Amino acid sequence: MTLTAGQFLRLRALALERLGIEIHDRQRPTLDRRACRMGLAGTAARERFLTGAESGDPDSAHQLVSLVTTSHTAFFRNPYHFDLAAEHLLWASHRRGRAAAWSAAVSTGEELWSLAIRLAEMTGRRGGPVELLGSDADAAALARAERGEYSRASLETLETGRRGCFFHHPPSARGSLRIQDSLRQSVSFRIHNLIEPGWNLGGPFDVIFCRNVLMYLSRGHRRRVVERLRGALARDGLLLLDPSEHLGAAADHFCGGRNGVFQPAPLSSNPQRIPPSP
Ligand SMILES: C[S@@+](CC[C@H](N)C(=O)[O-])C[C@H]1O[C@@H](n2cnc3c(N)ncnc32)[C@H](O)[C@@H]1O
């Protein structure tokens with residue numbers, strides 16, 4: 001069963017309005033497959049879902065996020081970013097007594113837990129003066145992030161030593177491993193839609209991970225989000241994107257960009273730290 005032309009247009013309008021996501025014609029087969037996996041196989045189910053989402057029904061709104069976004073992520077994706085972020089956060093906390101990092105599209109949590117692991121490895125302790133916040137528009141993905149429970153398959157990229165040190169076997173979860181409670185200190189999660197104005201997340205953040213989400217946003221939404229990211233970042237902070245991504249029309253708010261590492265622009269009179277090369 002495929003989305004009718006009318007349904008596809010309605011879905012496209014909803015994705016743009018609610019999440020800032022631009023859907024292209026070539027994505028139609030992928031959306032069809034995803035809709036089927038989510039139990040939206042027939043025309044009637046799709047109609048119910050679309051009408052619900054249009055009228056603001058919360059369940060349909062959650063389904064919309066799962067349908068039009070990809071939650072693909074992994075532990076230590078671009079490992080260099082975690083070394084750099086942890087080093088920068090420790091430097092900032094040494095200077096100011098505290099530091100904060102935000103993963104702005106944390107999906108199922110691997111990105112933020114990787115940072116927590118790297119910080120623990122570098123300091124030799126758990127918790128400490130660095131606060132870590134993970135947010136996402138997808139409530140289901142965020143619930144998994146908070147649970148911190150992962151199948152052995154998704155932990156395969158993690159070195160065995162790290163698995164042993166930072167995960168345990170919860171009695172309830174057969175075959176999966178859960179992040180250790182000691183690592184949860186100073187880590188929090190919040191539902192947050194990047195395109196909604198009036199961000200109220202605390203900050204300023206010394207490091208913001210905003211990887212693999214800007215690429216899905218429309219030009220206008222991407223520009224506004226990048227401007228707000230600039231406002232949420234400390235003057236000497238770091239913004240991390242996937243190395244293949246760009247900032248679009250608001251690129252002049254940042255400088256750098258090598259390996260996906262950006263710094264706020266213009267350079268102030270404060271000394272800036274130039275990140276070391278990988
Ligand atoms: C591909 S994942 C990126 C995960 C992680 N940052 C990484 O690079 O491994 C994209 C995430 O962006 C989230 N997302 C999409 N649109 C969003 C929006 N408007 N506000 C917040 N999160 C959004 C999706 O729910 C999804 O979890």
Side-chain angles (χ1 to χ4, degrees), residues 11-24 27 30-31 34 38 53 61-82 84-85 101-118 132-148 150 154-158 187 189-201 205 207-229 232 238-248 250 259-262:
L11 185 61
R12 183 136 80 176
L14 278 166
L16 189 60
E17 183 196 308
R18 305 290 163 83
L19 294 158
I21 291 180
E22 199 154 41
I23 293 182
H24 303 279
Q27 290 170 273
T30 310
L31 290 169
R34 245 188 242 157
M38 289 170 58
H62 288 152
Q63 278 184 311
L64 174 71
V65 184
S66 306
L67 182 57
V68 302
T69 65
T70 161
S71 57
H72 177 74
T73 183
F75 283 96
F76 290 97
R77 209 173 178 187
N78 298 312
Y80 158 68
H81 281 175
F82 297 91
L84 180 65
W102 174 31
S103 166
V106 75
S107 186
T108 44
E110 287 87 333
E111 190 170 78
L112 200 65
W113 292 124
S114 298
L115 182 57
I117 288 172
R118 195 67 198 103
L132 305 181
L133 171 68
S135 72
D136 201 283
D138 185 343
L142 205 63
R144 289 179 58 196
E146 199 154 16
R147 206 159 51 243
Y150 299 96
S154 58
L155 289 167
E156 231 148 52
T157 53
L158 210 60
V187 176
F189 294 94
R190 267 180 70 172
I191 294 181
H192 176 69
N193 186 340
L194 286 166
I195 71 156
E196 279 172 12
W199 290 2
N200 184 19
L201 297 157
F205 294 95
V207 174
I208 300 179
F209 283 73
C210 192
R211 307 188 308 173
N212 299 299
V213 62
L214 291 176
M215 60 171 83
Y216 299 110
L217 303 186
S218 74
R219 210 178 136 78
H221 284 295
R222 188 186 316 174
R223 183 175 54 72
R224 284 187 287 279
V225 169
V226 170
E227 284 167 3
R228 287 188 211 127
L229 287 170
L238 299 178
L239 171 68
L240 303 176
L241 304 190
D242 185 88
S244 65
E245 287 181 292
H246 62 89
L247 290 166
N259 296 311
V261 182
F262 295 84

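In this text, all values refer to a predicted model and were calculated from it rather than measured experimentally. For ligands, and for the atoms within them, numbers begin at 1 and follow the listed sequence.
Compare Val65, Asp138, Thr70, Val213 by their heavy atoms: the one nearest to atom 26 (C) of ligand 1 is in Thr70. For atom 1 (C) of ligand 1, the nearest non-hydrogen atom from the set Glu196, Glu110, His81, His72 belongs to His72. Proximity annotation for atom 8 (O) of ligand 1: of Leu194, Asn212, Leu112, Ile191, Asn212 comes nearest, heavy atoms only. Around atom 19 (N) of ligand 1, the closest heavy atom drawn from Asn193, Val68, Ile195, Thr108 belongs to Asn193.
A donor-acceptor contact closer than 3.5 angstrom links the side chains of Arg222 and His246.
Taking any N or O of Val106, backbone or side chain, none lies under 3.5 Å from an N or O belonging to ligand 1. Between Leu19 and ligand 1, an N or O atom pair is found at a separation short of 3.5 Å. Inclusion of Arg211 in the set of residues having an N or O under 3.5 Å from an N or O of ligand 1 is warranted.
Within 6.0 Å of the CZ atom in Arg34, the count of heavy atoms belonging to other residues, nucleotides or ligands exceeds 12.
Under 4.0 Å from ligand 1, not a single heavy atom of Ala141 appears. Proximity of Ile21 to ligand 1, defined as any heavy-atom pair under 4.0 Å, is confined to the side chain (atoms from C-beta onward).
By the 30° and 60° cut-offs, the orientation of the rings of Trp102 relative to Phe205 is tilted.
For ligand 1, the atoms closer than 4.0 angstrom to any heavy atom of His192 are 20 (N), 21 (C).
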